[in-house]
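Below is one structure, written out as structure tokens, with a few remarks after it.
Given the structure is predicted, the values throughout are model-derived calculations rather than measurements. Order of listing sets the numbers, starting from 1, for every ligand and every atom in it.
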Amino acid sequence: MADTTKTATLTIDGQSYELPVHTPTAGPDVIDIRKLYAQTGAFTYDPGFTSTASTDSTITFIDGGKGELLHRGYPIDQLAAKSHYLEVCYLLLYGELPTAAQLEDFEGRVTMHTMLHEQMMNFFRGFRRDAHPMAIMVGVVGAMSAFYHDSTDISDPWQREVASIRLIAKMPTIAAMAYKYHIGQPFVYPRNNLDYASNFLNMCFSVPAEDYNVSPVLARAMDRIFTLHADHEQNASTSTVRLASSSGANPFACIAAGIACLWGPAHGGANQACLEMLREIGTVDRIPEFIARAKDKDDPFRLMGFGHRVYKNFDPRATVMKESADEVLELLGVENNPTLQVAKELEKAALADPYFAEKKLFPNVDFYSGIILEAMGFPTSMFTPIFALSRTVGWISQWKEQLSDPQLKIGRPRQLYLGETARDYIDIENR
Ligand code: CMC
């Protein structure tokens with residue numbers, strides 16, 4: 001726990017209470033209200049957790065005002081430029097950058113777990129062909145607890161480690177198989193001679209009928225997308241994983257819960273929604289109409305890929321993603337991609353508009369990611385599964401951190417009850 005030298009004074013009905021204030025290594029001070037109810041008989045009220053720290057953590061830090069994202073202290077732009085996804089996974093999981101030997105060992109362990117239990121193929125085949133790949137992922141990842149009984153005992157550190165490696169290793173296989181099933185092509189098994197990103201591209205795009213050579217530039221872009229999504233502190237899906245885990249649920253059930261939460265359009269589903277919006281706008285001349293709709297209080301439409309609970313400045317991931325979009329589209333010879341043109345002009349128009357400036361709404365990670373993924377050949381329905389596979393390491397790292405906390409308690413929020421008080425049951429004939 002952080003240093004506690006300050007206190008805050010709370011006065012209720014003339015009675016004062018001293019509350020400890022924790023000073024973190026970075027970020028705002030945190031008033032500790034854990035004993036508040038016992039001391040005062042009052043709860044705090046914060047729907048949406050806009051002012052509440054749900055945990056302490058040493059993994060990821062965001063300074064929303066500066067537009068800074070750090071994993072274990074390392075800035076995301078440095079990791080995106082100099083590192084790669086599996087190294088970032090190691091960093092998130094174990095706290096430090098690996099030595100060459102540690103990285104080799106870690107990559108070897110992940111690689112040895114890429115295959116799925118063969119019986120799981122039948123499980124995929126139970127879904128309708130038109131099922132959204134996220135629906136398949138929620139089901140298949142939850143079902144892993146029925147296939148890997150030897151890594152569900154959360155009290156055993158070894159089983160926790162094996163479950164972590166299994167999830168990171170198998171998630172690309174599951175996402176790729178969900179895609180292949182969805183489009184009616186045969187499943188492609190993992191190839192352990194390929195790196196993590198190349199293996200995923202191969203499982204998605206190769207077919208038995210012809211050779212498929214993974215472009216190293218596309219593999220690098222894929223790896224960067226994984227890296228940019230790897231963790232993001234206590235967001236909705238991570239908090240869902242932590243809440244599910246607080247009851248002692250097994251890791252596969254917890255990660256399935258995280259995937260379900262990520263699916264929503266306000267969270268990971270925004271990348272699909274954003275590309276669909278850019279397509280709907282279609283041409284640059286229609287941008288003012290959509291900006292006006294986003295500003296209209298009576299219209300539920302929002303600019304997808306814009307705004308963030310924590311970032312009140314540029315999302316640093318969006319900056320890297322925009323550069324990546326330019327590189328990938330140039331490589332693929334589609335620099336004049338109309339969707340990219342609309343995105344760039346929409347970004348300019350929104351940033352110049354007082355509504356977005358006043359509310360501090362900037363492009364987030366999802367604004368440009370869909371354009372890259374579409375150019376790579378992914379349908380929009382695969383965008384959120386790719387976010388889910390990338391975020392798995394973040395969920396797992398936070399889950400491991402939570403389980404190692406000796407003070408772990410089941411998550412049990414309280415409420416501000418505004419319903420009826422106790423009243424007598426009325427027999428049906430008297431209602
Ligand atoms: N377009 C238009 N207005 C917006 C937008 C937007 N994209 N985002 C927020 N606002 C307005 C909102 O109407 C509200 O206005 P007012 O104060 O007048 O009522 C104000 O800005 C604050 O919005 P909020 O909904 O109270 O803020 P929040 O922190 O609860 O929501 C958000 C954050 C990300 C859900 C929201 O900005 C949003 O819906 N964005 C679009 C969806 C999106 O791109 N999500 C991906 C987030 S990044 C990936 C991830 O981490 O999952």
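Considering backbone and side-chain atoms together, H232 places no N or O closer than 3.5 Å to any N or O of ligand 1. Note: no N/O pair closer than 3.5 Å links V365 and ligand 1 by distance alone. The shortest N/O to N/O separation between F387 and ligand 1 does not fall below 3.5 Å.
Contact annotation: for H308 versus ligand 1, heavy atoms closer than 4.0 Å belong to both the backbone and the side chain. At a 4.0 Å heavy-atom cut-off, ligand 1 touches H267 through backbone and side chain alike. When heavy-atom distances to ligand 1 are checked against a 4.0 Å cut-off, F367 has no atom that comes that close, whether in backbone or side chain. Within the 4.0 Å heavy-atom criterion, the part of L361 lying near ligand 1 is the side chain and not the backbone.
Protein heavy atoms come within 4.0 Å of atom 3 (N) of ligand 1. Distance screen at 4.0 Å: atom 36 (C) of ligand 1 has a protein heavy-atom neighbour inside the cut-off. Distance remark: protein heavy atom not present below 4.0 angstrom from atom 26 (O) of ligand 1.
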Quiz item: After noting the C-alpha distance and the side-chain angles of F187 and F124, does the key distance pass the ring pair (Phe, Tyr, Trp, His ring centres under 6.0 Å) rule?
Solution: CA-CA 10 Å; F187 295 134; F124 278 95; 5.3 Å; yes
Quiz item: What do the steps show when you test Y212 against V188 for side-chain contact (heavy atoms from CB on, under 4.5 Å), and what is the final call?
Solution: CA-CA 12 Å; Y212 172 78; V188 175; over 6 Å; no
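Heavy-atom proximity to atom 12 (C) of ligand 1, evaluated over R302, K359, K360, R391, is greatest for R302. Looking at P363, P265, G307, it is G307 that brings a heavy atom closest to atom 34 (C) of ligand 1. In this comparison of Y355, F356, F362, the heavy atom closest to atom 11 (C) of ligand 1 sits on Y355.
Remark: minimum distance from atom 45 (N) of ligand 1 to any protein heavy atom is reached at A266 O, 3.0 Å. Looking from atom 42 (C) of ligand 1 to the surrounding protein, the closest heavy atom is M304 CE, 3.5 Å. Closest to atom 40 (N) of ligand 1 among all protein heavy atoms lies F306 O, 2.9 Å. Here the heavy atom of the protein found nearest to atom 1 (N) of ligand 1 is L303 N, 3.1 Å. Looking at atom 47 (C) of ligand 1, its nearest protein heavy atom turns out to be N364 ND2, 3.6 Å. Scanning the protein for heavy atoms near atom 19 (O) of ligand 1, the closest one is K297 NZ, 3.5 Å. Among all protein heavy atoms, the one lying closest to atom 43 (C) of ligand 1 is A270 CB, 3.5 Å. Residue, atom and distance of the protein heavy atom nearest to atom 28 (P) of ligand 1 are R309 NE, 3.7 Å.
For ligand 1, the atoms closer than 4.0 angstrom to any heavy atom of G305 are 43 (C), 44 (O). Per-residue contacts place D366 under 4.0 angstrom from the following atoms of ligand 1 (heavy atoms of the residue considered): 46 (C), 48 (S), 49 (C). For ligand 1 and G268, the ligand atoms under 4.0 Å from any heavy atom of the residue are 52 (O). The contact set between ligand 1 and A294, taken as ligand atoms under 4.0 Å from a residue heavy atom, comprises 2 (C).
Results of the ring pair (Phe, Tyr, Trp, His ring centres under 6.0 Å) test with F306 over F356, Y368, F362 single out F356 as the only residue that passes.
Note on K322 versus E347: salt bridge recorded, some NZ/NE/NH1/NH2 to OD/OE distance being below 4.0 Å. A salt bridge does not link D296 to R293: none of the charged side-chain nitrogens sits closer than 4.0 Å to a carboxylate oxygen. Under the 4.0 Å criterion applied to side-chain N and carboxylate O atoms, E323 and R224 are not assigned as salt-bridge partners. Salt-bridge annotation for R72 and D231: absent, with no side-chain N of the basic residue lying under 4.0 Å from a carboxylate O of the acidic one. Under the 4.0 Å criterion applied to side-chain N and carboxylate O atoms, R286 and E345 are not assigned as salt-bridge partners.
The closest side-chain donor-acceptor pair between E18 and T7 falls under 3.5 angstrom.
If you look at Y311 and H232, their ring centroids are closer than 6.0 Å.
A cation-pi contact links K359 to Y355, judged by a cut-off of 6.0 Å to the six-membered ring centre and 45° from its axis.
Residues D366 and A270 approach most closely at OD2-CB, 3.4 Å, considering heavy atoms. Between C254 and A244, the shortest heavy-atom contact is SG-C, 3.9 Å.
Under the 4.5 Å side-chain criterion, counting only non-hydrogen atoms from C-beta, N364 is not in contact with M321. At a threshold of 4.5 Å between non-hydrogen side-chain atoms, the residues M171 and I255 count as touching.
Although no hydrogens or angles enter the test, the distance criterion places a donor-acceptor pair under 3.5 Å between the side chain of T173 and the main chain of T114.
The shortest heavy-atom distance from N235 to ligand 1 is not under 4.0 Å. Within the structure, the closest approach of K295 to ligand 1 does not fall below 4.0 Å when heavy atoms are considered. Using a 4.0 Å cutoff on heavy atoms, F301 does not count as a contact of ligand 1.
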